[in-house]
Amino acid sequence: GHTPGHLSFFAPSVGILFSGDSILSVKNRLVGSHGSVTWDQDKADAAVLKQLALKARIVCSGHGEVVMDGLYRLLKLAEVLALSSAYQRL
């Protein structure tokens, strides 16, 4: 979604997600890759949902601060994606 071949890495034993640029840390919240830096928005959103399913405790994104309350912030991001998807269906 973000770019062809983009990879994220998850360390399950410690609950750390290295999301690269698919999820960004911006002003104490997580946002999915979007806009001109994303090749395919639907695939990018799907990748975020897959990463959310990992239930990471810590998120290290390609940009921004390390997020120590990762699961909470990922759930907030899922809410935003759900609202955006619902809006697009109107």
Side-chain angles (χ1 to χ4, degrees):
H2 165 61
T3 58
H6 178 271
L7 297 173
S8 296
F9 299 94
F10 181 60
S13 63
V14 289
I16 300 176
L17 172 64
F18 298 90
S19 66
D21 289 343
S22 62
I23 297 175
L24 309 175
S25 174
V26 179
K27 296 182 182 177
N28 204 28
R29 65 189 179 102
L30 294 174
V31 297
S33 175
H34 61 279
S36 63
V37 298
T38 300
W39 287 38
D40 184 317
Q41 191 62 58
D42 291 336
K43 286 182 180 178
D45 292 346
V48 168
L49 293 175
K50 285 181 183 178
Q51 291 173 89
L52 201 158
L54 299 171
K55 299 181 180 175
R57 293 182 302 118
I58 299 170
V59 177
C60 302
S61 68
H63 298 275
E65 306 256 339
V66 171
V67 176
M68 300 303 288
D69 58 346
L71 185 54
Y72 173 76
R73 301 284 174 210
L74 286 167
L75 290 172
K76 289 301 214 180
L77 175 54
E79 289 174 7
V80 169
L81 288 175
L83 288 173
S84 175
S85 177
Y87 178 75
Q88 290 176 5
R89 287 190 302 263
L90 294 177

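We're numbering straight along the sequence, starting at 1. Note that the structure is a prediction, hence the values are computed from the model and not measured.
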Peer 1: Apart from Leu24 itself, what residues make up its hydrophobic cluster when side-chain heavy atoms of I, L, V, M, F, W and Y under 4.5 Å apart count as a link, directly or indirectly?
Peer 2: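 Val26, Val31, listed by chain and number.
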Peer 1: Mind checking what makes side-chain contact (heavy atoms from CB on, under 4.5 Å) contact with Val48, not counting sequence neighbours?
Peer 2: Ile23, Leu77, Leu81
Peer 1: When you measure from the side chain of Ser8 to the backbone of Ser19, do you find a donor-acceptor pair of N or O atoms at a distance under 3.5 Å?
Peer 2: yes
Peer 1: Mind checking side-chain hydrogen bond (donor to acceptor under 3.5 Å, both in side chains) for His34 and listing every partner two or more places apart, or none if nothing turns up?
Peer 2: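 Scan of His34 (side-chain hydrogen bond (donor to acceptor under 3.5 Å, both in side chains), adjacent residues dropped) gives none.
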Peer 1: Only counting residues at least two apart or in another chain, list the ones meeting side-chain contact (heavy atoms from CB on, under 4.5 Å) with Phe18.
Peer 2: Phe9, Ile16, Cys60
Peer 1: Could you pull out all residues at least two apart from Lys76 that satisfy side-chain contact (heavy atoms from CB on, under 4.5 Å)?
Peer 2: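 Testing Lys76 for side-chain contact (heavy atoms from CB on, under 4.5 Å), a comparison that skips the adjacent residues, returns Tyr72, Glu79.
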Peer 1: Cluster question for you: counting only ILVMFWY and a side-chain heavy-atom cut-off of under 4.5 Å, with indirect links fine, are Leu71 and Leu49 together?
Peer 2: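 In one cluster with Leu71: Leu49, yes.
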Peer 1: Determine the minimum heavy-atom distance between Gln51 and Ser22, stating which atoms define it.
Peer 2: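 The answer is NE2-OG, 3.0 Å.
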Peer 1: Could you report the tightest heavy-atom contact between Thr3 and Trp39, atom names first, then the distance?
Peer 2: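 Smallest interatomic distance, heavy atoms only, reads CG2-NE1, 3.7 Å.
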Peer 1: Between Ala56 and Leu17, what is the shortest heavy-atom contact and its length?
Peer 2: CB-CB, 3.6 Å
Peer 1: To the nearest 0.5 Å, what is the distance between NE2 (His63) and OG (Ser33)?
Peer 2: 9.0 Å
Peer 1: Can you run down the salt bridge (charged side-chain N to carboxylate O under 4.0 Å, His left out) pairs that involve residues 57-72, sequence neighbours left out, and say none if there aren't any?
Peer 2: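 For residues 57-72, and leaving out neighbouring residues, the salt bridge (charged side-chain N to carboxylate O under 4.0 Å, His left out) pairs sorted by first residue read Asp69-Arg73.
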Peer 1: Strictly distance-based, threshold 3.5 Å: is any side-chain N or O of Ser61 a donor or acceptor partner for the main-chain N or O of Ser25?
Peer 2: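 Yes; at least one donor-acceptor contact below 3.5 Å.
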Peer 1: What closest approach, in Å, do Met68 and Ile58 show between heavy atoms, and which atom pair accounts for it?
Peer 2: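 Met68 and Ile58 have their closest heavy atoms at CE-CD1, 3.9 Å.
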Peer 1: For Leu52, what residues pass the side-chain contact (heavy atoms from CB on, under 4.5 Å) criterion, not counting sequence neighbours?
Peer 2: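 Scan of Leu52 (side-chain contact (heavy atoms from CB on, under 4.5 Å), adjacent residues dropped) gives Leu74, Leu75, Ala78.
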